[in-house]
Participant: 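The structure that follows is given in the form of structure tokens.
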Amino acid sequence: MQATYRHGSRRGKGAAGMPRPPVYRVIIAQAAVTALLVLALLAVDRVMALSALLGGLICLLPNAWLVRKAFAHGGARSARRIVNSFYKGEAGKFLLTVCGFALVFAWVRPLHPLALLGAFAVVQAVNWFTPVILKSRVS
């Protein structure tokens, strides 16, 4: 028996009964890459590990925001809302990313900028593998 979630939809199903796109797997992959980077850098330096964590989160959280906004609606009748959601999601992603960098550079001391930017770039590169991630099935 499937659990019922908000708005009466079932897990994995949108409001129209259509399956939701598995884009959440990309966010999970980004979180896993962030965790691996942080664990690897912990052996080297704590400041580098913290900086990498922040860089990963600066990438991961805005992407999660975009996925949530962009895939909030489904079905052919919602085409206009879907397009608007994508625009709002992209705008929010951009603002969250800019604010994330601004806050980290303004408030976090000590900071290892190369680890921060490197982790951001590596986690962002996970998007290159989106077709592979989405094609694989989770059993």
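Keep in mind that this is a model prediction, so the values were computed, not measured.
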Participant: Please find the pair of heavy atoms, one from L60 and one from A31, that lie closest to each other, and give the distance.
Facilitator: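 Reported closest heavy-atom pair: CD1-N, 3.9 Å.
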
Participant: Hydrophobic clustering (ILVMFWY, side-chain heavy atoms < 4.5 Å, transitive) - are L61 and V26 grouped together?
Facilitator: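 Yes; tracing contacts between hydrophobic side chains, which count when under 4.5 Å, links both residues.
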
Participant: Would you call I27 and V23 a side-chain contact if the rule is heavy atoms closer than 4.5 Å?
Facilitator: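 They are not in side-chain contact.
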
Participant: For V122, what residues pass the side chain to side chain contact (heavy atoms under 4.5 Å, CB included) criterion, not counting sequence neighbours?
Facilitator: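 Here the qualifying residues are V33, L37.
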
Participant: Let me have the donor-acceptor pairs involving side chains of residues 92-118, under 3.5 Å, with sequence neighbours excluded, atom names and distances please.
Facilitator:
residue	atom	partner	partner atom	Å
K93	NZ	N63	OD1	2.7
T97	OG1	K93	O	2.8
R109	NH1	F105	O	2.9
R109	NH2	F105	O	3.1
H112	ND1	A115	N	3.1

Participant: If the condition is side chain to side chain donor-acceptor pair (under 3.5 Å), which residues does N84 pass it with, not counting sequence neighbours?
Facilitator: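 By the side chain to side chain donor-acceptor pair (under 3.5 Å) rule, N84 matches no residue at all.
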
Participant: Name all residues meeting the side chain to side chain contact (heavy atoms under 4.5 Å, CB included) criterion together with A49; count only those two or more places apart in sequence or in a different chain, and write none if there are none.
Facilitator: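 Side chain to side chain contact (heavy atoms under 4.5 Å, CB included) check on A49 returns V38, L41, L42.
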
Participant: Can you get from L50 to I58 by hopping between Ile, Leu, Val, Met, Phe, Trp and Tyr side chains that sit under 4.5 Å apart?
Facilitator: yes

Participant: Transitively linked via ILVMFWY side-chain contacts under 4.5 Å: V126 with L57?
Facilitator: yes

Participant: Check which hydrophobic residues are tied to L36 through side-chain heavy-atom contacts below 4.5 Å, counting indirect links as well, and list them.
Facilitator: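 Grouped by the 4.5 Å side-chain rule, L36 forms a cluster of one, so the answer is none.
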
Participant: If I take atom CD from residue E90 and atom NZ from residue K69, how far apart are they, to the nearest 0.5 angstrom?
Facilitator: 13.0 Å

Participant: With rounding to the nearest 0.5 angstrom, report the OH to CZ distance, Y24 to R68.
Facilitator: 15.5 Å

Participant: What pairs with F86 under ring-ring contact (aromatic ring centres under 6.0 Å, His included), at least two apart in sequence or on another chain?
Facilitator: F71

Participant: Out of curiosity, L66 CG to S85 OG, how far, rounded to the nearest 0.5 Å?
Facilitator: 10.0 Å

